Amino acid sequence: MTWDLLIRGGTVVTAAGAKPADVAVADGRIAAVGLALGADAAEIVDATGLLVLPGVVDVHTHTRVASEAEPDRFFQDSVAAAFGGTTTFLCFNNPGTGVSEAGAASLLDGLAEFRAATAGDSAVDVGLSAVISSRQPDPLAELPALVEDGVPTAKAFMVYDFGVDDRTLLAAMRAMAAAGGLLEVHCEDRALIDDAVEQAYRGGDTLPRAHATTRTPEAEAVAVHRAAAFARAAGAPMHVVHLSSTAALEELRRAKAAGTPITAETCPHYLTLTDAEYARPDAECARYVISPPLRSAADREALWAGLADGTLDLVATDHVPDRAAVEKAAWPAGFRDLSNGAPGIETLLTLVYQGVAAGRITLARMVELLATAPARRFGLPTKGAVEPGKDADVVLFDPQARRTLRQADLHHSSDYTPYEGLAVRGAVRSVFVRGWPVVRDGVFVGRRGFGRFVERRLG
């Protein structure tokens, strides 16, 4: 038969291993993987010397929707995702979005608002995870309808003024499980953090570095322990977002050993950077105000070990396209007025590949962490693997490339990267979404609106 696309001569990597193989594509799906698939194709791409990877699935971003002032913002971050090898990403609608005429925040209104604001905007496929907020009069009432509408994952925060209390958290776990969904939890202990922040401000310690000292590993570990106990009591699945510390990792390990239906992610910034960044001058230090904050080098090594041994299930970015000129410049107001987060949608694959290059994880494990596991866990059965029947979301990656990460070379809507000047190995060369080229030989060739909104169901 005649294929639409044939990728020849590369090394195909799946969660089971790597092997030389050709990949044939027809009607947007992978039709065959094997040697000597012939040359009868509308387009043939030579992948000699390249890794043929499934498109990355980033399940944790806070990508901003377009506005009248910035009509290209969402599109820009979707292009950045493509340049980084991400072919599907999930967004959180920010707490407080989806406000009805009566003034009540609504999850279903938020979904409609998000879909309307992003329709025809993305270069790659996109989905939504909701945010359960204390600002909603009844945050659990709409969960069954939300899951039915293709959004089976929702996030609850244990901190911040929009975070939920413990009773609501436990009830949300039960409600999501009953509806066939999954609750994601931002695990930090409100009492410990609020007390530490209050003491810091009383003592006049309001500089950016105090953000990290007031959000300790113990505050994270206590929250993971408590949330896991709730999940176990409810018999409900839960997912820990952006786990950052050895202490929290040990709580996760104990919860899994006890049979808790729990998974967890970490983020590239915890695998790459350390709390040494907080020694920078204040204006630079503010760029690393992230929650949870960056941890020690020992914590970083523990997280890599947790990825290797399976304690941690996947890696996601927690991409927040903040601007250092705006969100990170709230001086002299103090650290609690700074936006929490940093950009990373374009650098996910490259930074995790550094663990492969250093011998910390295998190529197969990298694919599991970045594509196969997130697709499986978050209800994307046609994504996450280079195998027949899956969407032809394919990345051609050059493992021999050498480059230095620079803001000037990136495409996201932020005005900085926390990885400025970092020398890395490996580079994305070409990216296909459902068989169509989006990036070809390092040049964007996709189009605005090609990406689809993906309605999901958990298996």
Side-chain angles (χ1 to χ4, degrees), residues 59-60 155-160 163-164 166 169-170 173 182-197 211-233 236-278 288-318 320 340-342 344 352 355 360-361 369 373-374 377:
V59 298
H60 189 151
K155 180 181 180 182
F157 293 76
M158 299 175 75
V159 286
Y160 303 126
V164 301
D166 284 356
L169 182 66
L170 176 60
M173 288 180 181
L182 170 69
L183 190 70
E184 304 170 67
V185 186
H186 177 130
C187 294
E188 290 184 292
D189 185 82
R190 187 195 304 267
L192 289 174
I193 290 173
D194 286 354
D195 180 68
V197 170
H211 170 82
T213 59
T214 57
R215 306 182 90 91
T216 63
E218 289 73 23
E220 184 182 23
V222 165
V224 171
H225 175 85
R226 196 164 70 251
F230 295 163
R232 198 158 50 248
M238 68 164 283
H239 180 76
V240 179
V241 297
H242 49 51
L243 190 142
S244 71
S245 64
T246 306
L249 183 68
E250 288 305 312
E251 290 295 343
L252 173 66
R253 188 171 280 122
R254 280 191 280 270
K256 286 190 168 188
T260 309
I262 186 172
T263 53
E265 71 193 40
T266 191
C267 303
H269 39 273
Y270 303 124
L271 299 170
T272 306
L273 307 172
T274 72
D275 55 7
E277 304 298 341
Y278 298 123
Y288 300 90
V289 169
I290 300 166
S291 293
L294 301 176
R295 305 299 191 186
S296 70
D299 288 304
R300 179 179 62 187
E301 295 307 307
L303 294 177
W304 277 112
L307 291 174
D309 69 19
T311 304
L312 288 165
D313 300 275
L314 58 98
V315 185
T317 59
D318 193 12
V320 180
N340 290 193
V352 176
R360 288 184 166 112
I361 58 173
L369 293 166
R377 183 61 164 162

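Quantities reported herein were computed from a predicted structural model and do not represent experimental measurements. Counting begins at 1 with the first residue of the sequence.
Counting only distance, with no hydrogens or angles, the side chain of Thr214 and the backbone of His211 share a donor-acceptor pair below 3.5 Å. Checking side-chain atoms of Thr260 against main-chain N and O of Ala255 turns up a donor-acceptor pair under 3.5 Å. At least one donor-acceptor pair closer than 3.5 Å links the side chain of Tyr270 to the backbone N or O of Pro292. Arg190 places a side-chain N or O within donor-acceptor distance of the main-chain N or O of Tyr160, the cut-off being under 3.5 Å. Between the side chain of Tyr288 and the backbone N or O of Asp275 there is no donor-acceptor pair closer than 3.5 Å.
For the atom pair OG1 (Thr266) and CZ (Arg295), the distance works out to 10.5 Å, reported to the nearest 0.5 Å. The line from OG of Ser244 to CG of Leu249 is 10.0 Å long, rounded to the nearest 0.5 Å. The line from CZ of Arg254 to NE2 of His225 is 8.5 Å long, rounded to the nearest 0.5 Å. Distance CG/Leu312 to CG/Leu369: 8.5 Å, rounded to 0.5 Å. In this structure, Cys267 SG and Leu273 CG are separated by 11.5 Å, a value rounded to the nearest 0.5 Å. Rounded to the nearest 0.5 Å, atoms CZ (Arg360) and CD (Glu301) are 4.0 Å apart.
Using a cut-off of 4.0 Å between Lys/Arg side-chain N and Asp/Glu carboxylate O, Arg215 and Glu220 are scored as not salt-bridged.
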Could you check Val289 against Asn340 for side-chain contact (heavy atoms from CB on, under 4.5 Å), going step by step and ending with a plain yes or no? CA-CA 5 Å; Val289 169; Asn340 290 193; 3.6 Å; yes
Between Leu169 and Leu183, is the side-chain contact (heavy atoms from CB on, under 4.5 Å) condition met? List the steps. CA-CA 9 Å; Leu169 182 66; Leu183 190 70; 3.8 Å; yes
Carefully, step by step, assess Val185 and Met173 under the rule side-chain contact (heavy atoms from CB on, under 4.5 Å). CA-CA 10 Å; Val185 186; Met173 288 180 181; 4.2 Å; yes
Asp166 vs Arg226, test: salt bridge (Lys or Arg N to Asp or Glu O under 4.0 Å). Steps then yes/no. CA-CA 9 Å; Asp166 284 356; Arg226 196 164 70 251; 2.9 Å; yes
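Between Leu271 and Arg300, the shortest heavy-atom distance links the atoms O-CD, 3.4 Å. Between Val352 and Trp304, the shortest heavy-atom distance links the atoms O-CH2, 3.7 Å. The shortest non-hydrogen separation linking Leu243 to Val240 is CD1-CG1, 4.2 Å. Heavy-atom minimum distance, Asp189 versus Ala223: N-CB, 3.7 Å. When every heavy atom of Val164 is checked against every heavy atom of Ala156, the shortest pair comes out as CG2-CB, 4.1 Å. Counting all heavy atoms, side chain and backbone alike, Pro261 lies closest to Arg377 at O-NH2, 4.0 Å.
Using modelled atom types and a 3.5 Å distance limit, the side chains of Asp313 and Thr263 yield no donor-acceptor pair. With 3.5 Å as the limit, one finds a donor-acceptor pair spanning the side chains of Thr246 and Asp299. Side-chain contact check for Thr311 and Arg253: at least one donor-acceptor pair (N or O, by modelled atom type) lies under 3.5 Å.
Ser291 places a side-chain heavy atom less than 4.5 Å from the side chain of His186. Taking 4.5 Å as the limit, some side-chain heavy atom of Leu314 sits within range of a side-chain heavy atom of His239.
Ring geometry for His60 versus His242: interplanar angle of 30 to 60°, hence tilted.
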